[in-house]
Amino acid sequence: DTAVSQTPKYLVTQMGNDKSIKCEQNLGHDTMYWYKQDSKKFLKIMFSYNNKELIINETVPNRFSPKSPDKAHLNLHINSLELGDSAVYFCASSQIVGGATSGKETQYFGPGTRLLVL
Amino acid sequence: DAKTTQPTSMDCAEGRAANLPCNHSTISGNEYVYWYRQIHSQGPQYIIHGLKNNETNEMASLIITEDRKSSTLILPHATLRDTAVYYCIVPPIQAGTALIFGKGTTLSVSS
């Protein structure tokens, strides 16, 4: 069974369109994340949710709106897509156990969604 | 938050040990060192983590210096499939905080 899955794997679309990416984890974790990896291969956090509540919201355009219907799902909706949105988007999950000093908050990543905006 | 410094790239012959260094001189006493890797076109994969004792699992060994200012990830018998970008990360203390990825070390294993 895939621990963290994302759909679709590839997404090619035109500028100005609206699209969604979905993520599901079956690890029973309470925290989920969206990371973006740009063409220079830098991985940066975008959002994170804990028990369906937004806890991290980095400087991301308002066109990006995450939604967490339940603990196991975190979706990312992008409005009015721009060329610069082309990237690989990774979902991840972890279980909060008292913070990073517990040594137990390992994050598990999905396979990524490759978004190309034309 | 502790920052890490890693060499940009390293080469290793297949079957030999790959030793990947990381400097984290500003690490505080209760911060862990985590290692992840990203094989081409895949999501990052957790490898190992440690606080101050050396750690070993089925993937790798982690050696942390006594002063905790640096560590070395050891892949004892590197294979071609170990070619990847390796990230040494010291996560912020706050619970649920995201990982901060640097540039990592690109390890190239060749036959």
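Computed from a prediction, not measured in an experiment: that's the story for all the values here. All chains are named by letter (A, B, ...) in the order of the sequence lines, taking the proteins before the strands, and each is independently numbered beginning at 1. All values below were derived from every heavy atom in this structure, side-chain atoms included, with hydrogens, water molecules and symmetry-related copies excluded.
Counting heavy-atom pairs closer than 4.5 Å to chain A, the top-ranked of the candidates B:G104, B:G43, B:P44 is B:P44.
In the hydrophobic cluster analysis, where Ile, Leu, Val, Met, Phe, Trp and Tyr join through side-chain heavy atoms closer than 4.5 angstrom, B:M59 is grouped together with B:L62. A:Y10 and A:I78 sit in two unconnected hydrophobic clusters of ILVMFWY residues. Membership requires side-chain heavy atoms under 4.5 Å apart, directly or through other members. A:F64 is not connected to A:L116 by any chain of hydrophobic side-chain contacts under 4.5 Å among Ile, Leu, Val, Met, Phe, Trp and Tyr, and they are in different clusters. If you chain together hydrophobic residues whose side chains sit under 4.5 Å apart, A:M46 and A:L43 never meet in one group. Hydrophobic clustering of Ile, Leu, Val, Met, Phe, Trp and Tyr side chains at less than 4.5 Å, counting indirect connections, keeps A:V60 apart from A:Y33.
Ring pair A:F109/B:F101 is perpendicular by interplanar angle, where above 60° counts as perpendicular and below 30° as parallel.
Contact between A:F42 and B:K103 at its shortest, heavy atoms only, is CE2-CG, 3.4 Å. In terms of heavy-atom proximity, A:F90 sits nearest to B:Q38 at CZ-NE2, 3.4 Å. Looking at every heavy atom in both residues, A:Q37 comes nearest to B:Y87 through NE2-OH, 4.2 Å.
At most 12 heavy atoms of other shown residues, nucleotides or ligands fall within 6.0 angstrom of atom CZ in B:R16. Counting non-hydrogen atoms of neighbouring residues, nucleotides and ligands closer than 6.0 angstrom, the CG atom of A:N62 reaches no more than 12 such neighbours.
The NE2 atom of B:H40 lies 6.0 Å from the NZ atom of A:K41; values are rounded to the nearest 0.5 Å. Atom CD1 in B:I48 sits 10.5 Å away from atom OG1 in A:T106 (nearest 0.5 Å).
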Evaluate the side-chain contact (heavy atoms from CB on, under 4.5 Å) criterion for residues B:Y34 and A:Q107: first the C-alpha distance (whole Å), next the side-chain angles of each, then the deciding distance (0.1 Å), finally the verdict. CA-CA 10 Å; B:Y34 280 73; A:Q107 292 190 18; over 6 Å; no
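Contacts from residues 75-84 of chain B to chain A, taken as heavy-atom pairs separated by less than 4.5 Å, involve no residues at all.
Using a distance-only test at 3.5 Å, with no hydrogens or angles considered, no donor-acceptor pair links the side chain of A:Y35 to the main chain of B:A98.
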